[in-house]
4 protein chains.
Amino acid sequence: MTSLPTPLQATALRRGRSRKTTERKLDLLLGSAAELIAEKGFEATAIRDVGRKVGASLAGMYYYFASKEELLHQIQYRTFASLLAAQEKAAAAPGSAEERLRRLLEGHLSFFARHPNEMRVCTSELRSLTGEYYRSVEEVRRRYYHLMADIIAELMSGPGRKARESVKSRRVTLFVFGMLNWVFMWHDPVKDGPVEQLALEMLELVLNGIGRRRSSR
Amino acid sequence: MTSLPTPLQATALRRGRSRKTTERKLDLLLGSAAELIAEKGFEATAIRDVGRKVGASLAGMYYYFASKEELLHQIQYRTFASLLAAQEKAAAAPGSAEERLRRLLEGHLSFFARHPNEMRVCTSELRSLTGEYYRSVEEVRRRYYHLMADIIAELMSGPGRKARESVKSRRVTLFVFGMLNWVFMWHDPVKDGPVEQLALEMLELVLNGIGRRRSSR
Amino acid sequence: MTSLPTPLQATALRRGRSRKTTERKLDLLLGSAAELIAEKGFEATAIRDVGRKVGASLAGMYYYFASKEELLHQIQYRTFASLLAAQEKAAAAPGSAEERLRRLLEGHLSFFARHPNEMRVCTSELRSLTGEYYRSVEEVRRRYYHLMADIIAELMSGPGRKARESVKSRRVTLFVFGMLNWVFMWHDPVKDGPVEQLALEMLELVLNGIGRRRSSR
Amino acid sequence: MTSLPTPLQATALRRGRSRKTTERKLDLLLGSAAELIAEKGFEATAIRDVGRKVGASLAGMYYYFASKEELLHQIQYRTFASLLAAQEKAAAAPGSAEERLRRLLEGHLSFFARHPNEMRVCTSELRSLTGEYYRSVEEVRRRYYHLMADIIAELMSGPGRKARESVKSRRVTLFVFGMLNWVFMWHDPVKDGPVEQLALEMLELVLNGIGRRRSSR
DNA sequence: GATGAATGAGCTTTCATTCAT
DNA sequence: TATGAATGAAAGCTCATTCAT
């Protein structure tokens, strides 16, 4: 999930040289932080603890971030940017609206399966970000929302009709995100099996739900 | 939403004297606390701030609860117990499975509309509870889950067949809770209108989704 | 040097009741802080050290001040307000301009002799204050400056002429403050004796210096 | 103000190589440091900030001095040594005592006008030096004090009499230093004009003050 | 000559909690 | 019932300094 360089990249990268090593460490660090934050929450997680976990000193952590909030932002921004990039590709690939929706659902769930901690942090700790940190993440979220909303609007506007978001399609979209984002509250890889199956069931519920009969698999 | 007395009732009540006045103040206090916690999160909310909000001193707060965690527990337990009681009544009232599901969805959403802060706290801060505090809330949640799961299983098992939870009905139930619990992330009373309509749309999606054709309103 | 209540009074007083005890402790605390700050500078003085000195815990200190800067402000504001009040009285009492100047010089030096630490802090750490903290102290200083400047202008404008600050009298005033404020860099009560004598010598230098012959004592 | 080599010369010079370039950079560095320290105080100034200001890395700064205290010492020692050298020349040049005093006052003020930051640091941060660092600067200061004290004693002991420091002349000397050192608290080149005029006014005050009539300019 | 990376020590501030009254 | 006073523990952050390169 190594991210694209952006104007909001981590302090460590802004510092300059030696991308390779620094970035590896940065990734380790963000991953460990995500794990702790996913478990105990952002406020309850001390930078000290993250440091301990990666074998770095407290002060050493601050070589990589300007503040605790920047750390949280890095996790959220990188995660969402990475998810968005993957999903934009999935949505752009050819196929029927049904097929594209299936790809989005599966893409989301499999991304979650690969990065559960990061996704948990994104879902639970958006409010812990403020100012520009908040805004920049919010923007990525909005783009992701529209990716999903457009396909659902297309499905609901019926064949031949112009796709446009309606009050109803907006809600269905939000229902879908609800289902997706709640998954991390209950999903157990052992008990629930691979996420592809989950995606199909969700797809079926939605397609039938909005009256687009879906030939069952 | 004044709660039933339980072995886990508030410190203030356990203390004994003059129920009436104490309880009024306790309600005010829990309501204000819920508002702050909903806004800033449990960890980020200081008891001092709750005190300031209700015009009590910091030390004075400790007359009403033994610890910050107990305060959180009171909010969650009372809220969930109150919601559960109402929903159990709704589920027990006569009517078809479809009708009972409708009542549950509407009941949940209208409860949320009346107690948004408390519900937010319940959804976001379950993990902040530990030990017996956690367990007792978890138990109420479980009972609530089964209330919903049973009706959905009944709907999915087909007429005449014995209702029993299957892998599939379990997931549909969790999808439904996802939709319900995500609502507070986006619902705007002004923009989205009364929750009854929302409940109907969700009901339609689910009934169609699981293949129970629903005569549209 | 217990101060007049003002809109800028200490956190502890703002808290309300029990003035007597609180104020005694507050005085002790400000005195001890002034001693440490005078010795090591504001930045180099840790709140911990002040606490240790008065037998209070670090956290206990924050019951009395909202911040380290407020502590510094209290010292400076109280000291200057107290000095100003005394000097305004000295300047208002009847007597020739020479006599009033003598009283001001002696008043300043004897105030310094009684509160050397506080005065040192005022002279050396004005720049450590910011915003409103700075402004409010600056205002008192300005009033004190004018008290001195007016008398010196009166002396320099000659008998019968209207007293008004000129470029020259402004400089003489600043020279006088230079002499006064530098005193704490070298004054040794043992070696230099009581400050009354010092005041007389400074007075003589100034009066002769500006051409107002002074009948020597 | 490039300094004489002394046993206390900067780390960088002690290191040996290529004097010229190193010294240029050292001067830049000390100048920038003086500016920051004059503005915010020694404790409040971080080496990092000095580095940033001159475009050097934090670690790079430590090539030029062994510790933060050495940096401060370099500023103070070089400044004072340079001032002392100039003033010793001024005092040694032929002329009446009045004339030599005039040269000292003007020399001091014009040195201040050329190096305001350095002089501010010398006046405000002497106490931040310890041990040998303190001692060595103190010694230069003492020599400077005596330069001034001797002339003033000469003026006060009357013609024909042996010049010797008396209690009175000591105080006048200290008054003079007070006036001189306070100047940086208020002097504004625009408002107050060139320092030569200032020196003359101070000279007049002092000469008249001690009873040495001075033919006004 | 110079720097990227790292850290120990220390700082200000906050906070849940206690207790005498 | 309620609060003023106080504190232990911990948090985020900064900084002078070091060292391998």
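To find a chain, count down the sequence lines: A is the first, B the second, and so on, and within it residues start at 1.
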If only side-chain N and O atoms of A:K25 are considered, is one of them under 4.0 Å from the OP1 or OP2 phosphate oxygen of E:dA6? yes
Distance (rounded to the nearest 0.5 Å) between B:E39 CD and B:I37 CD1: 11.5 Å
All side-chain hydrogen bond (donor to acceptor under 3.5 Å, both in side chains) counterparts of A:S128, not counting sequence neighbours: A:E125
Return all side-chain donor-acceptor pairs below 3.5 angstrom for residues 51-58 of chain D, not counting sequence neighbours, or 'none' if the list is empty.
| unit_1 | atom_1 | unit_2 | atom_2 | d |
| --- | --- | --- | --- | --- |
| D:R52 | NH2 | D:D49 | OD1 | 3.2 |
| D:K53 | NZ | D:E35 | OE1 | 3.4 |
| D:K53 | NZ | D:E35 | OE2 | 3.1 |
| D:S57 | OG | D:G60 | N | 2.9 |

Atom CZ of B:R24 and atom C1' of F:dT1: how far apart are they, to the nearest Å? 16 Å
Roughly how far, to the nearest 0.5 Å, is CD of D:Q74 from OH of D:Y133? 8.0 Å
Which heavy atom in D:L71 sits nearest to a heavy atom in D:I47, and how many Å separate them? CD2-CD1, 4.0 Å
Listed by chain and number, what are the side-chain contact (heavy atoms from CB on, under 4.5 Å) partners of A:L126, not counting sequence neighbours? A:Q76, A:Y134, A:V137, A:E138, A:R141
Here the pair of heavy atoms bringing D:I75 nearest to D:A34 is CD1-N, 3.8 Å
Nearest-nucleotide check on DNA chain E, A:G55 vs B:A44; residue mapping nearer the 5' end is A:G55
Phosphate OP1/OP2 of E:dA5: any A:Y63 side-chain N/O under 4.0 Å: yes
Going 5' to 3' along nucleotides 16-21 of chain F, which nucleotides have protein heavy atoms under 4.0 Å from the base (write B), which only from the sugar-phosphate (write S), and which from neither (write -)? SBBB--
Write down the distance between CG (B:L26) and C1' (F:dA2), rounded to a whole number of angstrom. 15 Å
Sequence neighbours excluded, the answer for side-chain contact (heavy atoms from CB on, under 4.5 Å) partners of C:S124 is C:F184
Compute both the distance and the angle, then confirm whether A:K68 meets the cation-pi test with A:Y62: under 6.0 Å from the six-membered ring centre, within 45 degrees of the axis. no
Applying the Watson-Crick and G-U criteria (both distances under 3.5 angstrom) with [ ] for crossing and | for other-strand pairs, one obtains for DNA chain E .||||||||||||||||||||
Separation of E:dC11 P from C:L36 CG (nearest whole Å): 12 Å
Atom-to-atom span, CG of C:L71 to C1' of E:dC11 - whole angstrom: 15 Å
Atom pair distance, as rounded to whole Å: CZ in B:R52 and C1' in F:dT3: 15 Å
Heavy-atom nearest nucleotide on DNA chain F taken for A:D49 and for B:M61; more 5' hit belongs to B:M61
Specify the separation, in whole Å, of atom CZ of D:F65 and atom P of E:dG1. 16 Å
Could you give the CD1-to-C1' distance, from C:I37 to E:dT12, as a whole number of Å? 14 Å
Specify the separation, in whole Å, of atom NZ of D:K40 and atom C1' of F:dT14. 12 Å
